[in-house]
Amino acid sequence: MSAGAVDVTYRGVFQKNLAGVITKELVKAARREDKFGGTVARYGDSPERNGIPAKQFAVIASDMASLQVEMTKYEPDNVVVVAVMDDTLAKGIESWAWYGVRPINLNLAPGGTLLVISRQDPAALLKWIPRRPQPWTLAILPGEPSFGGLWVYNDDGTDYRTMGAIARVTDGLVSLESLIAQAAGTRDGGKREQQLREGYEAVQLHQVAAGEGAEDTYVPVQMPDWTQMREGLVVPAVEVGRTNELFMKYTTRTARPLIKFDACVKCQICYTVCPDECFIPTPEGHYDVNYDHCCGCGICAQSCPVSGCIEMVNEAVFDGNEPLHGVYERDPAAYEELRAEKLAKAGGPVPHYGIY
Ligand code: SF4
Ligand code: SF4
């Protein structure tokens, strides 16, 4: 008796349908092999919130009893693949109901595979992904993250390419042949088969040794048991001007604001509009960004009255969350160089609806 699971980690709203198609089609293909399967999402996730990291699982088992055991859990055990739909999620994930940023590979079974859709190389991704005590595999499916809307199915082939890659790395959980047979029954069967084969062939495997990767700084949040909980729903307030240190939402972000301090007219609008109170006033009247709490919504960039003063820049080109005004204070020219370098590496700013 055995069961294995594929965890599809995705961004709420934008990739909810993508995760749904992948998990359901994996299960249907496994049924063709006389296995048992089901899909399950975590009840604490909030996939209807923009960009919030969320998970959907495909559980595949050799028998019904094993499947039923796994389907009752908050997260199934024996996650043999974590498929990551956007490579900026490799920095860690904080779901809606789970405070604390968790490593992207936290629930990966020993010897499992982290599959990331990315244009980056393994070394760049491993700068963010914590080390594990056992060896594991980093699989990269070359491509851009695929984003859609709440009710939108973005038919760009990412789902079937990902499933092809999963067939390659799961070593028998579900075969490429079963996925192709399953796809043959759909309206675009020929196109789907091609996408499945593309993903199977294109995925690049990189063996990661035990202890290789970023430092693991994860400390699980201590949850109170029911006898320690206060009555009612209590959200402790923090002082005005401070942020809640337990609640970090930067893992929702696919782009972050980068400020051209030399162009800032100190109008305070960004400080006023930011929904997460991320702007920190500096003694000279600039506004620095607290990236630990910036959710990447882009409202500041849309609202800033100075064209090009706040640019949203792809999150993948940044490593840490340190505020940047200190760099500007020490050497404005060096800061401008850094800003230009980040923008160049990201291929320019992410478009928004503000002032150009
Ligand atoms: S993108 Fe701008 S407005 Fe949105 S949370 Fe970050 S700093 Fe605040
Ligand atoms: S909105 Fe723009 S110009 Fe105004 S304070 Fe913020 S960064 Fe400066």
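These numbers were taken from a predicted model, which means no experiment stands behind them.
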Starting from the C-alpha separation in whole Å, work towards a yes-or-no answer on side-chain contact (heavy atoms from CB on, under 4.5 Å) for Val273 and Phe279. CA-CA 10 Å; Val273 297; Phe279 283 93; over 6 Å; no
Could you give the side-chain donor-acceptor pairs of residues 116-127 under 3.5 Å, partners two or more places apart or in another chain?
| unit_1 | atom_1 | unit_2 | atom_2 | d |
| --- | --- | --- | --- | --- |
| Ser118 | OG | Asp87 | OD2 | 2.6 |
| Ser118 | OG | Gln120 | N | 2.9 |
| Arg119 | NE | Glu144 | OE2 | 3.0 |
| Gln120 | NE2 | Asp87 | OD2 | 3.1 |
| Asp121 | OD1 | Ala123 | N | 3.3 |
| Asp121 | OD1 | Ala124 | N | 2.9 |
| Lys127 | NZ | Asp319 | OD1 | 3.1 |
| Lys127 | NZ | Asp319 | OD2 | 3.4 |

Salt-bridge present ([X], [Y]; N to O < 4.0 Å):
{"X": "Glu311", "Y": "Lys260", "answer": "no"}
{"X": "Asp216", "Y": "Arg131", "answer": "no"}
{"X": "Glu212", "Y": "Arg132", "answer": "no"}
{"X": "Arg197", "Y": "Glu193", "answer": "yes"}
{"X": "Lys91", "Y": "Glu315", "answer": "yes"}
{"X": "Arg192", "Y": "Asp155", "answer": "yes"}

Scan side-chain atoms only and decide if [X] and [Y] contain a donor-acceptor pair under the 3.5 Å cut-off.
{"X": "Thr9", "Y": "Lys55", "result": "yes"}
{"X": "Thr158", "Y": "Asp156", "result": "yes"}
{"X": "Ser66", "Y": "Asp63", "result": "yes"}
{"X": "Asn321", "Y": "Arg253", "result": "yes"}
{"X": "Tyr335", "Y": "Asp262", "result": "no"}
{"X": "Ser146", "Y": "Asn154", "result": "yes"}

Atom of Gln56, atom of Ala41 and distance for their closest heavy-atom approach: OE1-CB, 4.3 Å
Non-hydrogen atoms of Pro133 and Ala210 that approach each other most closely: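 What the structure gives for the nearest pair is O-CB, 3.1 Å.
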Counting C-beta onward and ignoring hydrogens, is there a side-chain heavy-atom pair between Ser175 and Glu33 closer than 4.5 Å?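 They are in contact (side-chain heavy atoms under 4.5 Å apart), so the answer is yes.
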Residue list, ring-ring contact (aromatic ring centres under 6.0 Å, His included) with Phe14, at least two apart or on another chain: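 ring-ring contact (aromatic ring centres under 6.0 Å, His included) check on Phe14 returns Phe147.
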How long is the straight-line distance from [atom2] of [Y] back to [atom1] of [X], given to the nearest 0.5 Å?
{"X": "Lys35", "Y": "Ser62", "atom1": "NZ", "atom2": "OG", "answer": "9.0 Å"}
{"X": "Leu258", "Y": "Leu338", "atom1": "CG", "atom2": "CG", "answer": "7.0 Å"}
{"X": "Glu25", "Y": "Thr39", "atom1": "CD", "atom2": "OG1", "answer": "11.0 Å"}
{"X": "Asn50", "Y": "Cys295", "atom1": "CG", "atom2": "SG", "answer": "9.0 Å"}

So does Lys342 have more than 12 non-hydrogen atoms from other groups sitting under 6.0 Å from NZ? yes
Should Tyr218 and Arg102 be marked as a side-chain contact (heavy atoms from CB on, under 4.5 Å) after you check the CA-CA gap, both sets of side-chain angles, and the distance that decides it? CA-CA 7 Å; Tyr218 175 61; Arg102 300 173 73 192; 3.9 Å; yes
Derivation and outcome, side-chain contact (heavy atoms from CB on, under 4.5 Å), residues Ile22 and Met85: CA-CA 11 Å; Ile22 292 171; Met85 297 295 102; 3.8 Å; yes
Mind checking whether Tyr328 and His286 have parallel, tilted or perpendicular rings, split at 30° and 60°? perpendicular
Yes or no on side-chain contact (heavy atoms from CB on, under 4.5 Å) for Leu114 and Thr137, after CA distance, side-chain angles and deciding distance? CA-CA 6 Å; Leu114 188 79; Thr137 302; over 6 Å; no
Scan for ring-ring contact (aromatic ring centres under 6.0 Å, His included) pairs involving residues 153-208, sequence neighbours excluded, and state none if there are none.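 The answer is none; no pair qualifies.
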Main chain of Cys294, side chain of Lys249: is a donor-acceptor contact present, judged purely on distance under 3.5 Å? no
